[in-house]
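A quick write-up on the structure given underneath.
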Amino acid sequence: MNYFKVVSEIVCSEIRNLIEEGKLVSDLNLGQVGVETTKDPVHGDLASNAAMVLAKPAKKSPKELGEIIVDRLLKRSEFEFVSLAGPGFINLKMVPKFWTRLLPRVLESGLKYGDCDLGRGKTVNVEYVSANPTGPMHIGHARGAVIGDALGNLLSKAGYEVSREYYINDAGVQIDVLARSVHLRYRQALGEKIDKIPDGLYPGEYLKQTAKDLVERDGNKWCKLKEEIWLPELRNFAIESMMSLIRDDLTALGVVHDVFTSESTLVFNGSNSEVVNELKSLDLVYIGTLKPPKGKILEDWEKRPQLLFRSTKFGDDVDRPLQKADGDWTYFASDIAYHLNKFERGFNSMINVWGADHKGYVKRMKAAVKAITRDKGTLNVQLCNLVNLLEDGRPAKMSKRAGSFVTLREVVDEVGKDAVRFIMLTRNSDAPLDFDLRKVLEQSKDNPLFYVQYAHARVCSVIRNARVSFPSLLLDDSSLAKADMNGLSDPGELKMIRELASWPEVVERAAMSKEPHKIAFYLSDLAASFHAFWNRGNSEESLRFIVLDNPQQTIERVALARAVGIVIGSGLAVIGIEPLEEMR
RNA sequence: GCGCCCGUAGCUCAGCUGGAUAGAGCACUAGACUACGAAUCUAGGGGUCGGGAGUUCGAAUCUUCCCGGGCGCGCCA
């Protein structure tokens, strides 16, 4: 149920009637006809562009056509007024009842209100976080984690079957480095004196625990052996240990995944060579030499023939190497195999949430997906930009522990997971974001999470107080849904209802553009309308939610408040936050 | 040099995928509490939407060229 569509359909059906009656030419395409909200209330609630977009094909001026359509719409009971304005807008003001009858629907649907069938049950794979298993997560990872998680929630609200996935990059040389770093800490744990972590190894203290766990499991078994002997086992042990760290971090943030796919498993199964053979058979692979990039000095550049994928055939700027000089597959080759693997598991539609530093990688990956799925699969990449961690407007001090950065865990412990989640969604994902550790704890409207939660808490407070003032009234959702809502006619009330009415549209738009931050913006707006109306009750008692001498009005206002609460809850659910009943 | 992203109020940003007089918050100014929780709200000033040209009924939005900023640019992941 999306009222934009309802009204748009009313307009279209009247136009179709006019066509049938021969008053308009028959070959009009109504696809562009729609309605939108108006900025200025004097223009009514909604405005349709019908007269403007159809003027040319109808061979009439927008004004002429508009008058014909307006004439028809005036006969309908849904509108309080219909008028032609400006360059040809058809302004529509709905009768209050059109809005108020929405409330029972919200109350009955509960948190499901706003769900839509945009996805029509189609499956979509959302891959996010995929942080290298070489250490705990930091605040930058958290942004991708939250965006991916919220996007998953959003798409499933919009009717998609969502699978959430984490790709474990456990095959590259960085894992060897990790294993060596663990071995060093391991020897240290067994009493060897280590003065300084050599360059090129991970210095993080978190590896001490991993080493301790290894000692506990295996004693000094790996201590004196050659690297060739211990490397494979320590790799596995280290990956396991790091992934358990990361899983703990994700849990602390409330981020979930359905599937964890390991790169090394794919490599081990030969998926990489398979996929390259596949590309060869499609004649998309050749041995060639790339030109050195211009405008960038590469000291160690040498001309070298390489195994290249013809990504330029699919819109990339240059062809891309699949194999390294030492014969290993490039990360790109693995990634092609991985995306084919996703496709073969039934995901035609794939979304990856990546850090903005992977921007240069997007074209080649899209090209590869196009090639390997023979254009049946689509890849969509959501890039997320940097997070600047601040403290009172200044860059936050880095953790004192050597070789460490501010970990996600430290931030979550400091401000809570809900604050992290909400703030991560207060900016478009590809814009850099300031995250101020002080501000997110402030109990003021500077802090959007607080502002939204406060509105929800006030809703709960209204209901609690109404039960005390009117012990005999039934104020559960289904009873409220039966109330006659005709008393709701104040502009502030109707504004809130219109906003509630637009929630399904907001969900649909956010899902279409894959921008979960739009949900956060919407919630702030809705909260503002609620706070505004609330405050008018301070100076004008008749505008309070609870009107002591008027139980009927109280019921209707409580129903409205409750509906606001439901929609806030529904939006917070997308973001992954539990609404609060009180804030004391 | 090439590719992508960005430039909107003093600051931080929205702007519903081309709509009417471009909007919020912060800051500034002036107001509203014997409280349905004032942790909030109301009002006011503040703009050549980086610049020029184009597309059309109509452009912050689309095209193009400049200016300014960010990121990326074999064998790292």
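Just so it is clear, the values below take in all heavy atoms, side chains as well, and ignore hydrogens, waters and symmetry mates. Just so you know, these numbers come straight off a predicted model, no measurement behind them. Note on naming: letters A, B, ... go to the chains in the order of the sequence lines (proteins, then strands), and numbering restarts at 1 for each one.
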Checklist entry - Which part of the nucleic acid does A:Ala47 contact within heavy-atom distance under 4.0 Å: base, sugar-phosphate only, or nothing? => result base
Item to check | Whole-Å P distance, B:C13 and B:U29 | outcome: 24 Å
Checklist entry - Using purine N1 to pyrimidine N3 plus N6-O4 or O6-N4 for Watson-Crick, or N1-O2 and O6-N3 for G-U wobble, both under 3.5 Å, which nucleotide pairs with B:G58? => result none
Checklist entry - Which of the following nucleotides, B:A38, B:G74, B:G37, is nearest to the side chain of A:Pro321? => result B:G74
Checklist outcome for this item: Checking B:G19, B:A77, B:C36 against the side chain of A:Met52 (C-beta onward), the nearest is B:G19
Item to check | B:A14: pairing nucleotide in any strand, Watson-Crick or G-U under 3.5 angstrom | outcome: none
Item to check | Residues A:Glu499, A:Lys495: salt bridge by 4.0 Å N-O rule | outcome: yes
Checklist entry - In Å and rounded to the nearest 0.5 Å, what is the CG to CE distance from A:Asp335 to A:Met365? => result 4.5 Å
Checklist entry - What is the nucleic acid contact for A:Lys291, judged by heavy atoms within less than 4.0 Å: base, sugar-phosphate only, or nothing? => result nothing
Next on the checklist: When you compare the side chain of A:Lys342 with that of A:Asn352, does any pair of heavy atoms fall below 4.5 Å?
Outcome noted: yes
Next on the checklist: Tell me whether the side-chain N/O atoms of A:Arg509 come closer than 4.0 Å to OP1 or OP2 in B:C16.
Outcome noted: no
Checklist entry - Checking all strands, does A:Ala85 fall into the base, sugar-phosphate, or nothing category for heavy-atom contacts under 4.0 angstrom? => result base
Item to check | Face-to-face stacking of A:Trp534 with B:C36, centres under 5.5 angstrom, angle under 30° | outcome: yes
Checklist outcome for this item: Between A:Glu505 and A:Gly86, whichever has its closest RNA chain B nucleotide further toward 5' is A:Glu505
Checklist entry - Is the base of B:U17 syn or anti, if syn means a glycosidic angle within 90° of 0? => result syn
Item to check | Span that lies between the P atom of B:G1 and that of B:G58, in whole angstrom | outcome: 37 Å
Checklist entry - So what does A:Ala466 touch, heavy atoms closer than 4.0 Å: a base, only the sugar-phosphate, or nothing? => result nothing
Checklist entry - When the distance from NZ of A:Lys63 to P of B:A20 is rounded to whole Å, what number comes out? => result 19 Å
Checklist entry - What does B:C73 pair with, Watson-Crick or G-U, if both distances are under 3.5 Å? => result B:G1
Item to check | Pairwise C1' distance, B:U17 and B:C76 [rounded to whole Å] | outcome: 37 Å
Item to check | Phosphate OP1/OP2 of B:U17 contacted by A:Lys514 side-chain N/O (<4.0 Å) | outcome: no
Checklist entry - B:G70, B:C36, B:C75: which one has an atom nearest the side-chain heavy atoms of A:Asn465? => result B:C36
Checklist entry - In Å, rounded to the nearest 0.5 Å, how long is the span from CG of A:Asp434 to CG of A:Leu390? => result 4.5 Å
Item to check | No-H, no-angle donor-acceptor pair, A:Arg304 side chain to B:C75 base, under 3.5 Å | outcome: yes
Item to check | Non-hydrogen atoms of A:Ala527 and A:Ala455 that approach each other most closely | outcome: CB-CB, 3.8 Å
Next on the checklist: Over all strands shown, is A:Glu582 touching base, sugar-phosphate only, or nothing at heavy-atom distances under 4.0 angstrom?
Outcome noted: base
Item to check | Minimum heavy-atom distance A:Asp45-A:Met94, with the two atoms named | outcome: OD2-N, 2.9 Å
Next on the checklist: Counting only side-chain heavy atoms from C-beta out, which of B:C75, B:G15, B:C57 sits nearest to A:His517?
Outcome noted: B:G15
Checklist outcome for this item: Exactly one candidate in A:Leu580, A:Val440, A:Ile577 meets side-chain contact (heavy atoms from CB on, under 4.5 Å) with A:Leu449; the answer is A:Ile577
Checklist entry - The side chain of A:His43 lies closest to which of these nucleotides: B:A20, B:G74, B:A38? => result B:A20
Next on the checklist: Taking 4.0 Å as the cut-off, does a side-chain nitrogen or oxygen of A:Lys56 come that near to OP1 or OP2 on B:C57?
Outcome noted: yes
Item to check | Sugar-phosphate only, base, or nothing, as touched by A:Ser334 at under 4.0 Å among non-hydrogen atoms | outcome: nothing
Checklist entry - Base, sugar-phosphate alone, or nothing: which one does A:Ser539 contact when heavy atoms must sit under 4.0 Å apart? => result nothing
Checklist entry - How would you label the contact of A:Met583 with the nucleic acid (heavy atoms, under 4.0 Å): base, sugar-phosphate, or nothing? => result base
Checklist entry - Any side-chain N or O of A:Arg458 under 4.0 Å from OP1/OP2 of B:A38? => result yes
Checklist entry - Mapping A:Pro62 and A:Ala171 to their closest nucleotides on RNA chain B, which lands nearer the 5' end? => result A:Pro62
Next on the checklist: Tell me the interatomic distance from A:Asp434, atom CG, to B:C26, atom C1', rounded to whole angstroms.
Outcome noted: 13 Å
Checklist entry - Side chain of A:Phe89: nearest nucleotide among B:A20, B:G15, B:C26? => result B:A20
Next on the checklist: What's the closest nucleotide to the side chain of A:Ser513 if the choices are B:U42, B:A20, B:U17?
Outcome noted: B:U17
Checklist outcome for this item: From CG of A:Asp430 across to C1' of B:G70 the rounded distance in Å is 12 Å
Checklist outcome for this item: note: A:Ile90, atom CD1; B:G19, atom P; distance rounded to Å ~ 17 Å
Checklist entry - To the nearest Å, how far apart are A:Lys445 NZ and B:G37 C1'? => result 17 Å
Item to check | Closest to the A:Asn132 side chain, choosing from B:G74, B:G37, B:A77 | outcome: B:A77
Next on the checklist: Less than 4.5 Å apart, side chain to side chain, heavy atoms only: is that true for A:Leu500 and A:Leu560?
Outcome noted: yes
Item to check | A:Phe268 side, atom CZ; A:Ser262 side, atom OG - distance, nearest 0.5 Å | outcome: 11.0 Å
Checklist entry - Rounded to whole angstrom units, what separation is found between the OH atom of A:Tyr361 and the P atom of B:G3? => result 22 Å
Checklist entry - Whole Å only: how far is the OH atom of A:Tyr331 from the P atom of B:A77? => result 9 Å
Checklist entry - Hey, does A:Asp446 reach any base, or is it just sugar-phosphate, or nothing, if we go heavy atoms under 4.0 Å? => result sugar-phosphate
Item to check | Pair assignment for B:U29, Watson-Crick or G-U wobble, requiring both distances under 3.5 Å | outcome: B:A43
Checklist entry - Rounding to the closest angstrom, what is the interatomic distance between B:U48 and B:G23 at atom P? => result 15 Å
Next on the checklist: Does A:Phe450 reach a base, just sugar-phosphate, or nothing at all? Heavy atoms under 4.0 Å.
Outcome noted: base
Next on the checklist: Applying the Watson-Crick and G-U wobble criteria at under 3.5 Å, what pairs with B:A35? Answer none if nothing qualifies.
Outcome noted: none
Next on the checklist: In this structure, how many angstroms lie between the P atom of B:A60 and the CG atom of A:Asn428, rounded?
Outcome noted: 20 Å
Next on the checklist: Taking the minimum atom-to-atom distance to the side chain of A:Leu290, which one of B:G37, B:G74, B:C71 wins?
Outcome noted: B:G74
Checklist entry - B:A14 base stacked by A:Phe521? Criteria: ring centres under 5.5 Å, plane angle under 30°. => result no
Checklist entry - Do A:Phe530 and A:Phe545 make the cut of ring centroids closer than 6.0 angstrom? => result yes
Item to check | Base B:A20 paired with A:Asn91 side chain (donor-acceptor, <3.5 Å) | outcome: yes
Checklist outcome for this item: By the Watson-Crick or G-U definition, both distances under 3.5 Å, B:A53 is matched with B:U63
Checklist entry - Nearest to the side chain of A:Asn538, which nucleotide is it out of B:U40, B:A38, B:C26? => result B:A38
